[in-house]
Novice: 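The structure's right below; bear with me while I get my questions together.
Letters A, B, ... are given to chains in the order of the sequence lines, protein chains preceding strands, and every chain is numbered from 1.
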There are 2 protein chains.
Amino acid sequence: MGRWEPDARGRMIKAALDLFAERGFEQTTAGDIAESAGVTERTFFRHFADKREVLFDGSATLERTACEAIRSAPAGLPPLDAALAGMAAGGDLLQERREHAVRRSLIVAATPALKERELLKLASMTEATTEALRERGAPQRDAALAAHSAVTVFSVAFVHWVSTPDAPGFAACVAETAAALRALM
Amino acid sequence: MGRWEPDARGRMIKAALDLFAERGFEQTTAGDIAESAGVTERTFFRHFADKREVLFDGSATLERTACEAIRSAPAGLPPLDAALAGMAAGGDLLQERREHAVRRSLIVAATPALKERELLKLASMTEATTEALRERGAPQRDAALAAHSAVTVFSVAFVHWVSTPDAPGFAACVAETAAALRALM
DNA sequence: CCTGACGATGACAGTGACTGACATCAACAA
DNA sequence: TTGTTGATGTCAGTCACTGTCATCGTCAGG
């Protein structure tokens, strides 16, 4: 055990979520979050590259989970289907902490600066997905298009999943949304 | 005529592009840009909401152009095709200033903070496109999916158009990319 | 038990992005 | 002639973020 209370990182994440929900993102300083978590502002910036990142701690895990699912999908599966399997796997992760995901999404939706960061994370997921599809043999452009489409489905499905109180599983939302997309083409 | 040299805004945009290309975005302060354009830093922030915005002056026009094209598309055209027509119209705008578009895209691609802002602009274009498609009678989810798909095509086509020296027209890139997307489904 | 490397944190000064408030001054209208 | 307007300058202030050095439990080696 260290000299200080353990899990400073977790405390900062929780404090940030609470404060952002109460006063809003802009009205909360990094110092406020740090103080509320019992650390200094400097420590906050040692854990998070910037003030926004404190709300995106799980995004790397989400991306990794999705990519692993894609890599372990049957070799014969077409790129888009493989990518969608990845999105469904990522969705399972959110499903395990639905309440947190919903609360967080409300804050993000209310703050342009956070929306912007979320888009960057989605773009990162798109790039990672593209790479995973390339490893399966898809040509660059097909991989990019399938990845973009899958992430689109993920986003649209997420909005539906969040706004539906008694939601079916996230995977079901993905399947439904994917079907609608195919119908449009 | 005012008390000062005219077109302060245009001078700042040009100065920013030059300085970002020379030293990079982070190594250039807002004060540097202002000084180089012969104004004060305060004036810079009166014209641009933040340092990034100076590189996104044309995005509102691009969005408006695309939406107008969608609204004036034949009523019977399916949502995706109408949206793609909008993207092609937007592409024509870039085509008129290809050199500027390419130079700018290099800077944006090299700077995560600018990439992030670009994603926000694309998201805005997606939302506007969704709304335009809804006005044509498309249900919400179909409109959102078609808009996302069209903007995806726009992005992928743009990368190809930029990286191809003797490019065919932007509209041709859009058509080609759209065909590839349809083939994936 | 002593000791030195290690790792997480605190303390503090500094830069730069951005904002609010007020002053200035050419152009233009009454 | 005078009052208004609009774009700008000036200046002080907050806050995001960084570099640097000091601190002090922990743990391995002696």
Side-chain angles (χ1 to χ4, degrees), chain A residues 1-20 22-57 107-108 110-121, chain B residues 1-57 107-108 110-118 120-121:
Chain A
M1 270 197 288
R3 202 173 4 159
W4 303 269
E5 290 299 306
D7 196 25
R9 187 184 185 85
R11 270 170 10 241
M12 288 188 277
I13 292 174
K14 174 165 176 23
L17 202 66
D18 290 343
L19 290 173
F20 291 168
E22 270 179 41
R23 323 177 191 166
F25 178 81
E26 281 96 1
Q27 282 63 49
T28 305
T29 72
D32 291 338
I33 302 169
E35 186 185 4
S36 170
V39 296
T40 63
E41 186 184 335
R42 191 65 184 89
T43 291
F44 178 88
F45 286 111
R46 282 201 182 92
H47 282 269
F48 308 103
D50 60 53
K51 191 180 151 189
R52 305 174 190 181
E53 281 295 312
V54 69
L55 274 192
F56 295 87
D57 198 52
I107 298 174
V108 171
T111 315
L114 292 173
K115 244 183 180 166
E116 200 175 6
R117 179 55 51 83
E118 179 126 291
L119 291 167
L120 191 64
K121 300 299 186 186
Chain B
M1 267 198 291
R3 202 175 1 162
W4 302 270
E5 290 300 306
D7 196 26
R9 186 183 185 85
R11 271 172 8 241
M12 287 189 278
I13 291 174
K14 175 164 174 25
L17 202 67
D18 291 342
L19 290 172
F20 291 168
E22 270 179 41
R23 323 177 190 166
F25 178 79
E26 281 96 1
Q27 282 63 50
T28 304
T29 72
D32 291 338
I33 302 169
E35 186 184 5
S36 170
V39 296
T40 64
E41 186 185 335
R42 191 65 183 89
T43 292
F44 178 87
F45 286 112
R46 283 204 181 91
H47 281 269
F48 308 104
D50 60 54
K51 191 180 150 190
R52 305 174 189 181
E53 281 295 312
V54 70
L55 273 193
F56 295 87
D57 198 52
I107 298 174
V108 171
T111 314
L114 293 173
K115 247 184 179 166
E116 201 174 5
R117 179 54 52 83
E118 180 125 290
L120 191 65
K121 299 299 186 187

Novice: C:dG7 P sits how many Å from A:R9 CZ, rounded?
Specialist: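 Value for this atom pair: 17 Å.
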Novice: Please report the distance, rounded to the nearest Å, between CZ in A:R117 and C1' in D:dA16.
Specialist: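 From A:R117 CZ to D:dA16 C1': 13 Å.
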Novice: Taking atom C1' of D:dG9 as reference, at what distance in whole Å does atom CE of B:M12 sit?
Specialist: 13 Å
Novice: Check the phosphate of D:dT8 against B:H47, side-chain N and O only, distance under 4.0 Å to OP1 or OP2. Yes or no?
Specialist: yes
Novice: Identify the heavy atoms of A:L55 and A:I107 that sit nearest to each other, and give their distance.
Specialist: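 For A:L55 and A:I107, the tightest heavy-atom pair comes out as CD1-CG2, 4.0 Å.
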Novice: Who pairs with A:R117 by side-chain hydrogen bond (donor to acceptor under 3.5 Å, both in side chains), at least two apart in sequence or on another chain?
Specialist: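 A:R117: side-chain hydrogen bond (donor to acceptor under 3.5 Å, both in side chains) contacts with A:D50, A:E53, B:E116.
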Novice: With sequence neighbours left out, write down each residue that passes salt bridge (Lys or Arg N to Asp or Glu O under 4.0 Å) with A:R46, or none if nothing qualifies.
Specialist: none
Novice: If the condition is side-chain hydrogen bond (donor to acceptor under 3.5 Å, both in side chains), which residues does A:T29 pass it with, not counting sequence neighbours?
Specialist: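 For A:T29, the residues satisfying side-chain hydrogen bond (donor to acceptor under 3.5 Å, both in side chains) (neighbours in sequence not counted) are A:D32.
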Novice: Which whole-number value in Å describes the distance from A:E5 CD to D:dC24 C1'?
Specialist: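 Interatomic distance, CD of A:E5 to C1' of D:dC24: 16 Å.
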Novice: Taking only residues two or more places apart in sequence, or in another chain, which ones meet A:K115 in a side-chain hydrogen bond (donor to acceptor under 3.5 Å, both in side chains)?
Specialist: none
Novice: Please list all pairs meeting salt bridge (charged side-chain N to carboxylate O under 4.0 Å, His left out) that have one or both residues in residues 9-21 of chain B, counting only residues at least two apart or in different chains.
Specialist: B:R9-B:D57, B:K14-B:D18, B:D18-B:R103
Novice: When you check the phosphate oxygens OP1 and OP2 of D:dA7, does a side-chain N or O of B:T43 lie under 4.0 Å from one of them?
Specialist: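 Indeed not, no polar side-chain atom of B:T43 lies that close.
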Novice: Could you run through nucleotides 16-24 of chain C and give me one letter per nucleotide, 5' to 3': B if any protein heavy atom sits under 4.0 Å from the base, S if only the sugar-phosphate is that close, - if neither?
Specialist: -SBBBB--B
Novice: D:dC15 C1' sits how many Å from A:L19 CG, rounded?
Specialist: 16 Å
